[in-house]
**Student:** 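Take this structure, written in structure tokens, and hold onto it; I'll ask about it next.
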Amino acid sequence: MEQETKEAGKTMAIISYITWIGLLIAFIANNDKKNEFTAFHIGQSVRVAILGIANVALGWFLPSGLSIISSIISLGVLVLWILGVINAINLKEEPLPIIGTIGG
């Protein structure tokens, strides 16, 4: 992918990691421009968000004594989110560990 394409999509790629609203804004904005770099990071952000939602659902079903499992997964979600933002800032198109290639 060309450097110009990455530079043009950098802002929306970063925004895609900022809550669901940012993800939605990046998705809608990228529908018109079709920037590959932004689309890649939107996909990565969706994976992180789905993992976070699945973790919340898991937390509802786990007994309170096992809530440490949900806490560990939450920490993992935070780490993946930070890695995604760092990759977007540094114009890297690397899949996130563990979840980066799921469904893609």
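FYI, side chains are in, hydrogens and waters are out, and symmetry mates aren't considered; it's all heavy atoms of this structure.
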**Student:** Return yes when atom CD1 of Ile98 has more than 12 non-hydrogen atoms of other residues, nucleotides or ligands closer than 6.0 Å, and no otherwise.
**Tutor:**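 No, the 6.0 Å shell around CD1 holds no more than 12 heavy atoms from other groups.
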**Student:** Kindly indicate whether the side chain of Leu91, heavy atoms from C-beta on, has any atom under 4.5 Å from the side chain of Lys10.
**Tutor:**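 They are in side-chain contact.
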**Student:** Under a 4.5 Å side-chain heavy-atom rule over Ile, Leu, Val, Met, Phe, Trp and Tyr, are Leu78 and Leu51 clustered together?
**Tutor:**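 In one cluster: yes.
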**Student:** So, do Met12 and Asn30 sit near enough that their side-chain heavy atoms are less than 4.5 Å apart?
**Tutor:**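 They are not in contact (no side-chain heavy atoms under 4.5 Å apart), so the answer is no.
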**Student:** Do any N or O atoms from the side chain of Ser45 and from the backbone of Ser16 form a donor-acceptor pair under 3.5 angstrom?
**Tutor:**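 Yes, because the side chain of Ser45 sits within donor-acceptor range (under 3.5 Å) of the backbone of Ser16.
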**Student:** Holding to side chain to side chain contact (heavy atoms under 4.5 Å, CB included), I want the full list of residues that pass it with Asp32, two or more places apart in sequence or in another chain.
**Tutor:**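 By the side chain to side chain contact (heavy atoms under 4.5 Å, CB included) rule, Asp32 matches no residue at all.
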**Student:** Hey, any chance Ile73 and Ile68 share a hydrophobic cluster, counting ILVMFWY side chains that come within less than 4.5 Å of each other, even indirectly?
**Tutor:**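 Yes: a chain of side-chain contacts under 4.5 Å links Ile73 to Ile68.
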**Student:** Check for a donor-acceptor pair, side chain of Ser71 on one end and backbone N or O of Ser67 on the other, with a separation under 3.5 Å.
**Tutor:**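 Judged by distance alone, yes, a pair lies under 3.5 Å.
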**Student:** Short question: side chain of Trp81, backbone of Val48 - any donor-acceptor pair under 3.5 Å?
**Tutor:**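 Not confirmed, Trp81 side chain does not pair with Val48 backbone.
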**Student:** Going hydrophobic residue to hydrophobic residue with side-chain gaps under 4.5 angstrom, can you get from Leu62 over to Val56?
**Tutor:**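 Leu62 does not cluster with Val56.
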**Student:** Counting only heavy atoms not in Glu93 (residues, nucleotides, ligands), do more than 12 fall under 6.0 Å from its CD?
**Tutor:**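 It does: Glu93 CD has more than 12 such atoms within range.
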**Student:** Could you measure the distance from the CD atom of Glu2 to the CZ atom of Phe37? Nearest 0.5 Å is fine.
**Tutor:**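 Result: 14.0 Å between the selected atoms.
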**Student:** Any side-chain heavy atom of Ile99 sitting closer than 4.5 Å to one from Ile102?
**Tutor:**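 Yes, close enough: below the 4.5 Å cut-off.
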**Student:** At what distance, to the nearest 0.5 angstrom, does CD of Glu36 lie from NE2 of His41?
**Tutor:**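 Between Glu36 CD and His41 NE2, I get 12.0 Å after rounding to 0.5 Å.
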**Student:** CG of Leu23 to CD1 of Ile18: how many Å apart, nearest 0.5 Å?
**Tutor:**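 CD1 of Ile18 is found 11.0 Å from CG of Leu23.
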**Student:** Short question: side chain of Gln44, backbone of Leu96 - any donor-acceptor pair under 3.5 Å?
**Tutor:**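 Pair found, side chain donor or acceptor close to backbone of Leu96.
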**Student:** Considering all heavy atoms of both residues, which atom of Trp20 and which atom of Ile53 are nearest to each other, and what is their separation?
**Tutor:**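 Nearest pair, atom of Trp20 first, then Ile53: CZ2-CD1, 3.2 Å.
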**Student:** Would you give the length of the straight line joining atom CD1 of Ile89 to atom OH of Tyr17, rounded to the nearest 0.5 angstrom?
**Tutor:**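 Ile89 atom CD1 to Tyr17 atom OH measures 10.5 Å (nearest 0.5 Å).
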**Student:** Could you tell me which non-hydrogen atom of Gly9 sits nearest to which non-hydrogen atom of Thr38, and how far apart they are?
**Tutor:**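 Gly9 and Thr38 have their closest heavy atoms at O-OG1, 2.9 Å.
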**Student:** Here's a test for you: under side-chain contact (heavy atoms from CB on, under 4.5 Å), which of Leu80, Val85, Ile86, Val79 qualifies with Ile82?
**Tutor:**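 Running side-chain contact (heavy atoms from CB on, under 4.5 Å) over Leu80, Val85, Ile86, Val79 with Ile82 returns exactly one hit, Ile86.
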**Student:** How long is the gap from CG on Asn35 to CD1 on Ile42, to the nearest 0.5 Å?
**Tutor:**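 Reported to 0.5 Å precision, the distance equals 9.0 Å.
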**Student:** Scan residues 48-58 for pairs that pass side chain to side chain donor-acceptor pair (under 3.5 Å), counting only residues two or more places apart or in two chains.
**Tutor:**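 Every side chain to side chain donor-acceptor pair (under 3.5 Å) pair that includes a residue of residues 48-58, provided the two are not neighbours, is Asn55-Ser70, Asn55-Ser74.
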